[in-house]
Number of protein chains: 2
Amino acid sequence: MTGVIRSNEVRRGNRGLVLSAVRTGGLVSRTDIGRKTGLSAATVSAITSDLIADGFLIQPADVGQASTSSRRGRPKVALSVNPMAALIGVVIFQFNRVSAAIVNYSGAKISECSRDLTSADLSREGVRDVLVECLQAALNSSGLKKSLLMRIAVSVQGVTDVAGKYLLWSPITDHRDLPVADWMRQAFGVAASVSNDCDLMARALNRREPDRYGTSFASIMLSYGVGMGLFLRGDIINGLNTSGTEFGHMVYQPGGALCRCGRLGCIEAYAGDYAIQRAAFGRPNYTPPPALTDPIDFKKISDLAHSGDPRAIHAIEEAGRAIGTGLVSLFALVDAFPIALIGQGTIVFDLMEPAIRKALQGAVAGEGPSIEIHCFTDENPLVAEGCALTALVVLDEEIADAAVN
Amino acid sequence: MTGVIRSNEVRRGNRGLVLSAVRTGGLVSRTDIGRKTGLSAATVSAITSDLIADGFLIQPADVGQASTSSRRGRPKVALSVNPMAALIGVVIFQFNRVSAAIVNYSGAKISECSRDLTSADLSREGVRDVLVECLQAALNSSGLKKSLLMRIAVSVQGVTDVAGKYLLWSPITDHRDLPVADWMRQAFGVAASVSNDCDLMARALNRREPDRYGTSFASIMLSYGVGMGLFLRGDIINGLNTSGTEFGHMVYQPGGALCRCGRLGCIEAYAGDYAIQRAAFGRPNYTPPPALTDPIDFKKISDLAHSGDPRAIHAIEEAGRAIGTGLVSLFALVDAFPIALIGQGTIVFDLMEPAIRKALQGAVAGEGPSIEIHCFTDENPLVAEGCALTALVVLDEEIADAAVN
DNA sequence: CCTATTTAATTCGAGGGTCGAAAAAAATAG
DNA sequence: CTATTTTTTTCGACCCTCGAATTAAATAGG
């Protein structure tokens, strides 16, 4: 049961369509919008005129035209999102670092701010205070009216609830069930949501490279633990209650190596940063993972392995086997899709790839070797982009819904 | 991008809502429909009057009222689906057996027919011919006009394409890529689809027990191999290209026991019928699974195990560990949900359950022991029900879409 | 310079939808 | 036999999209 459809909801849906066409299109004419959305020129005209009147779209005066106009006829008049229509706050909570930014409605960063700290030492209130203070500082330094702030998106390393209200569990703090969204809402008086960083990276790739990542793919982060963001048929996949898609905690070797989560044999217990380090330095795989300390120096292990150290090589290969085996299980469920590998771990991808491919061999009718895998070593730009994107998309939906009555 | 919404599509959606409210409700008044769907009385009146005029709904004359009417006021007039509005054909292709039935638009079985045969011996055309002939016989014995046949749904043991056109792979025949839907369409001149039997069982449970299985659950079939039907948030999950959710081919022990699919270590290679038999009788786990033969006699293994045979007990426990471990991986992806175990394998569930629960222990924040697991030993009624249901639901959608222009 | 042509955007009525309020229908209570 | 209650239909207001006609704004070319 999808629920009743009423007449005015038609308008809401189509307003959203127009808004999203302009957001992804940059500078587009009304005719372009009609072609992209399938709406008639009459309807596009009506909707854009509303959105302009409400201040969400503008006709940039200086830009005459989108395309190189050498044809005759009345020239297209380009529309774009109004950068000043709203501000959003972006906060990123990482290991030993909090950063924040103010982004305008067209997605451009206005100001930013960051704090280095020891995340494991923070009290619950300490976490709250640093998140709030950092965004406050970014807001202050933006020099813009605070009343323009419309929404806040927070990225965290860890598991959130599916509604985006709580940070339920995180490897970088011992606190649980932190009401991050409420903290931000109370401090700034606007709606806020909190998301898993891997989901945000996936959203960024999904928007940034629609040809490759527009419909179905997984982004697997190899740095602090093993995380995943999963898109299937154009939609992000989450758990029923949590942010879910914890690829790192699928089982690779039942009863095997000790994982940071306390269970045995998880993929992360073989492919996580601490697991590779543990294996590379010959420590037994039941060695408890170092809690809340620095991510390992992948560079050191990479150097060791590339200089021929057999334990380092074996550690990396075992990580590849774990990842490849996990992908086989995932592909058994939903068929194969391209993979984006993200994070510091990608600097040993050359040594890891053969093991991944070998594990995939024979899975899903010979598709093994043809699975696309691409690497992105620096996750930070993706997280920031995905975080802003999330807030903007939700804002667009709210604006679309806020039609007359 | 969800796509444009036009005015007449609003009507289509709401017609579908009304139709589905009547189908699930049995005998419902217009007021009831309004309450169930959220539509206004005026709209319900308009839509039902259309649907009655088109012959899809009727007001059964003999039934005055749905509820026990002892209140005053104008009595409700009950509506129901018109059983004579359409016929659908149901065909079930199983190991060494084909069965077919004719079901009317209200879901009642009109006639049926079955054929025992040796499925492994059939040629491609032989498969086609027996499926067509069996349904033809059921149709003939129904005694109803053949022109009433509107749609055919076929259930198969095996992997189908996601569009429901082909049987791509099956354990019960060596043929591949059988165009089952086209065969039926060409033979009977109506639209047809082919579905994985485990998906159909899940659909049947989803409809039959909405309180327990209405939103999220998995049905795992333990008989001929290991199959799964998965519902999340009310929608069935399929692969990107195939019917997918091949739980049995997630990896349990990398490099482990030989699976019927040719790979090593699949869950099915430990929990499938042939795997349990192999282990119970002390044959090595690299013994090739007997191809295309009878499903094993679970009763014999059950008797052995219940009489204390250590190898039989161990075989069943290992199957439980494999299933439990697979669930841990699945729950890592999408969080925990209730499980329905289906098929002959459930007769050893008492010996299997402790191993399943132990594997789940500690997974997903102490939810291990509280996962609901219920057993259904006979899968056949579920498959038949799900198969008819699938055709009826699609038919309802077509009828809803066939609004005026 | 001026007109024909071309393309973009707006305006205007037609048509289809849902909804609330009022009206009609069909029973019971007394 | 009338008042009351509940269900169902009817009617008018309002919203939305669309096609066709109209208006707007440029170029091409004599």
Check: A:N104 and A:L87 side chains under 4.5 Å, non-hydrogen atoms = yes
Whole-Å distance, A:I52 CD1 to C:dA9 P, equals 10 Å
Verify the contact: side-chain N or O of A:T43 to OP1 or OP2 of D:dC18, cut-off strictly under 4.0 Å; return yes or no.
-> yes
Rounded interatomic separation in angstrom, taking CZ from A:R15 and P from D:dT17 | 11 Å
Answer with yes or no after comparing the ring centroid distance for A:F217 and A:F231 against a 6.0 Å cut-off, counting only values under it.
-> yes
Have a look at A:T31 and say if it touches a base, only the backbone sugar-phosphate, or nothing, with a 4.0 Å heavy-atom cut-off.
-> sugar-phosphate
Selected nucleotide, minimal atom distance to B:S45 side chain, candidates C:dC19, D:dT10, C:dT10 | D:dT10
Separation of D:dC16 P from B:R12 CZ (nearest whole Å) = 20 Å
d(CZ, A:R35; P, C:dT7) in whole Å = 12 Å
For the pair made of CG in B:D50 and P in D:dT9, what is the distance, rounded to whole Å?
-> 12 Å
Are OP1 or OP2 of D:dT17 and a side-chain N or O of A:N14 less than 4.0 angstrom apart?
-> yes
Send over the distance from B:I33 CD1 to D:dT9 C1', rounded to a whole Å.
-> 15 Å
May I ask you to evaluate whether B:N8 reaches the phosphate of C:dG17, defined as a side-chain N or O under 4.0 Å from OP1 or OP2?
-> no
Any side-chain heavy atom of B:R35 within less than 4.5 Å of one from B:D32?
-> yes
Find the distance A:I5:CD1 to D:dC15:C1' and express it as a whole number of Å.
-> 15 Å
Quickly work out the B:E9 CD to C:dT18 P distance and round it to whole Å.
-> 13 Å
Taking the nucleotide of DNA chain D with the closest heavy atom to each, which residue, B:A42 or A:L39, is nearer the 5' end?
-> B:A42
Take atom OH of A:Y166 as the centre, draw a 6.0 Å sphere, and report whether it contains more than 12 heavy atoms from other residues, nucleotides or ligands.
-> no
Among the candidates D:dT7, D:dC16, C:dA9, find the nucleotide nearest to the side-chain atoms of A:V10.
-> D:dC16
5' precedence on DNA chain D between A:G73 and B:V44 (nearest-nucleotide basis) | B:V44
Below 4.0 Å: OP1/OP2 of C:dG16 and any side-chain N or O of B:S7 | no
Within less than 4.0 Å of OP1 or OP2 of C:dG17, is there a side-chain N or O belonging to A:R6?
-> no
Donor/acceptor link under 3.5 angstrom from A:R72 side chain onto base of C:dT6 | no
Does a side-chain N or O from A:R74 land closer than 4.0 Å to OP1 or OP2 of C:dT6, or not?
-> no
Going by an N to O cut-off under 4.0 Å, is there a salt bridge joining A:E385 and A:R207?
-> no
